[in-house]
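Scroll down for the structure; my scribbles are underneath it.
The structure displayed is predicted, hence computed values, not measured ones.
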Amino acid sequence: MTRVLILLALPESVRAQYHAGLAEKFPEVEFQVVDHHSKATAAAAGIDALVTFGPMLHDDVLKAAHKLRWIQALGTGVDGIVDLPSLRGDVIVTRMHGFHGAPVSEAALMAMLALARGLPRAIRSQDARKWDRFPAQLLRGKTVGILGVGAIAETLAPMCKSFGMRVVGISSTVRKIPAFDAIHEKRALVEAVREVDYLVLLTPLSGETRGIVNAKVLAAMKPTAYLVNLARGGVVDEADLIQSLKSGRIGGAALDVFAQEPLPADSPFWGLPNVIVTPHAGGFFDEYPKHALPTIEHNLRHFLSGDTQSMQNVVKR
């Protein structure tokens with residue numbers, strides 16, 4: 001019998017949706033669900049396939065998974081999977097694609113509006129029962145720079161335009177894209193960020209992009225500018241960012257992703273008044289399993305039949 005491990009550090013109700021959806025379609029498969037990688041190691045020895053998000057996986061699970069032949073990543077990014085030292089070269093890795101545009105774009109807009117409207121200050125005032133009126137900033141007339149111009153950025157750009165924003169992209173390739181006023185080369189990042197009021201990070205984490213937003217980039221930004229990270233924590237040099245936020249080098253930040261997740265309780269980010277912290281929830285929404293399950297079902301069906309060439313969204317390694 002084929003054995004599939006579902007490793008998800010998410011609410012039980014969400015884990016149940018994946019388990020129920022797959023168990024109903026594949027009664028011949030044995031599914032096991034765990035909520036933390038520490039519980040997955042013992043179960044991993046006999047599994048053929050693994051369903052998880054990269055940030056929830058640990059190398060110990062792969063070390064124990066001697067029979068593993070396929071990993072279905074539930075996110076678009078596969079860092080935390082393909083960069084683990086115990087991932088064998090013969091293990092197929094597939095990912096999700098095509099439905100993150102709306103949730104991540106809405107998260108970006110929420111972050112920019114919250115920063116512009118001073119939402120952290122307003123919530124602190126509410127907690128203190130303090131009537132504190134202050135002027136908000138507008139998105140209209142501001143420039144947003146988007147680092148990483150892919151499918152999500154192409155969804156976000158027209159949304160920003162509807163708020164009256166100027167939209168510039170920062171990408172490895174310069175090309176004309178609808179709703180973008182300009183596209184800058186990634187190698188010109190330092191120059192490109194000088195003009196932006198909001199820098200939204202959407203780029204995948206790779207050797208090229210690790211730590212790409214560093215002290216030099218942050219120093220080039222306006223002192224009133226904001227950073228929004230919906231990509232991966234490793235894209236930002238967090239020590240440089242903390243220093244820039246503490247010194248007022250930039251106006252503030254909305255951070256959804258971090259180098260270490262969950263974010264440790266002693267992280268300085270928690271206590272900075274000009275920072276919004278969210279728990280890697282940018283692409284996470286109530287109907288996520290409904291959008292993800294068809295891809296898992298398609299790939300599992302072909303995996304079981306041995307037709308791995310027909311599996312969707314295979315990661316080239």
Side-chain angles (χ1 to χ4, degrees), residues 1-62 64-65 67-82 84 87 91-104 106-107 152 232 256-257 261-262 278-305 307-308 310-315:
M1 175 178 284
T2 299
R3 297 181 61 193
V4 177
L5 178 63
I6 302 172
L7 167 57
L8 291 176
L10 295 173
E12 193 280 331
S13 60
V14 178
R15 298 195 301 272
Q17 289 182 64
Y18 286 102
H19 181 257
L22 293 172
E24 180 183 0
K25 297 283 183 65
F26 301 93
E28 73 278 21
V29 175
E30 178 185 331
F31 294 96
Q32 185 173 354
V33 183
V34 295
D35 62 359
H36 193 267
H37 63 76
S38 62
K39 301 176 183 178
T41 305
I47 64 171
D48 301 284
L50 173 65
V51 178
T52 191
F53 285 95
M56 300 177 186
L57 187 56
H58 191 278
D59 193 58
D60 287 345
V61 179
L62 297 185
K67 293 177 58 182
L68 183 67
R69 293 181 288 144
W70 166 45
I71 300 175
Q72 173 66 64
L74 289 175
T76 300
V78 290
D79 52 289
I81 297 176
V82 298
L84 291 179
L87 179 65
V91 176
I92 299 167
V93 179
T94 55
R95 61 182 177 181
M96 295 296 158
H97 181 72
F99 59 86
H100 295 85
V104 177
E106 289 185 17
I152 296 173
R232 286 292 189 267
D256 187 56
V257 289
E261 296 181 5
T278 49
H280 202 148
F284 187 40
F285 61 107
D286 54 354
E287 295 186 339
Y288 198 103
K290 184 177 78 173
H291 290 268
L293 278 167
T295 297
I296 306 173
E297 293 166 8
H298 172 93
N299 285 342
L300 180 53
R301 189 169 294 110
H302 287 286
F303 178 75
L304 293 172
S305 70
D307 182 19
T308 57
S310 296
M311 296 173 77
Q312 294 177 340
N313 307 328
V314 176
V315 178

Inset, instruction - Please find out if less than 6.0 Å separates the ring center of Phe285 from that of His100. - result: no
Legend entry - Atom pair CG/CD of Leu22 and Gln72 - distance to nearest 0.5 Å: 9.5 Å
Inset, instruction - Return yes if some donor-acceptor pair links the side-chain N/O of Thr295 with the main-chain N/O of Met96 below 3.5 Å, else return no. - result: no
Legend entry - Where Leu74 and Ile296 come nearest, the two heavy atoms and their spacing: CD2-CD1, 3.5 Å
Inset, instruction - Please name the pair of heavy atoms, one in Met56 and one in Leu7, separated by the smallest distance, quoted to 0.1 Å. - result: O-CD2, 3.7 Å
Inset, instruction - Please answer whether the main-chain N or O of Arg95 pairs with a side-chain N or O of Asn313 as donor and acceptor at a distance below 3.5 Å. - result: yes
Inset, instruction - Evaluate the ring planes of Tyr288 and Phe99, with Trp represented by its six-membered ring, and classify them as parallel (under 30°), tilted (30 to 60°) or perpendicular (over 60°). - result: perpendicular
Legend entry - Met311 backbone acceptor or donor facing Asn299 side chain under 3.5 Å: no
Legend entry - Ile92 side, atom CD1; Trp70 side, atom CH2 - distance, nearest 0.5 Å: 9.0 Å
Inset, instruction - Kindly give the heavy-atom pair with the smallest separation between Leu62 and Leu68, and that separation in Å. - result: CD2-CD2, 3.7 Å
Inset, instruction - Just do the side-chain contact (heavy atoms from CB on, under 4.5 Å) check on Glu28 and Leu304 with the steps written out, would you? - result: CA-CA 10 Å; Glu28 73 278 21; Leu304 293 172; 3.6 Å; yes
Legend entry - Minimal non-hydrogen separation, Pro55 against Glu261, with atom names: CB-OE1, 4.0 Å
Inset, instruction - Mind checking the CG-CZ spacing from Asp256 to Arg232? Nearest 0.5 Å is all I need. - result: 9.5 Å
Legend entry - Pairing residues for Lys39 by the salt bridge (charged side-chain N to carboxylate O under 4.0 Å, His left out) criterion, not counting sequence neighbours: Asp35
Legend entry - Euclidean distance, Arg3 CZ relative to Ile47 CD1, rounded to 0.5 Å: 8.0 Å
Inset, instruction - With sequence neighbours excluded, tell me which residues meet ring-ring contact (aromatic ring centres under 6.0 Å, His included) with His58. - result: His37
Inset, instruction - Would you name the heavy atoms of Ala43 and Leu5 that are closest together and state the gap between them? - result: CB-CD1, 4.3 Å
Legend entry - Heavy-atom check, side chain of Val93 versus side chain of Leu87, under 4.5 Å: yes
Legend entry - Student check: side-chain heavy atoms of Leu50 and Val91 closer than 4.5 Å: no
Inset, instruction - Can you see which heavy atom on Pro289 is nearest to which on Val14, and at what distance? - result: CG-CG1, 4.2 Å
Inset, instruction - To the nearest 0.5 Å, tell me how far Ile6 CD1 sits from Arg15 CZ. - result: 10.5 Å
Inset, instruction - Can you measure from CZ (Arg301) to CZ (Phe26) and round to the nearest 0.5 angstrom? - result: 4.0 Å
Legend entry - Glu24 CD: over 12 foreign heavy atoms closer than 6.0 Å: no
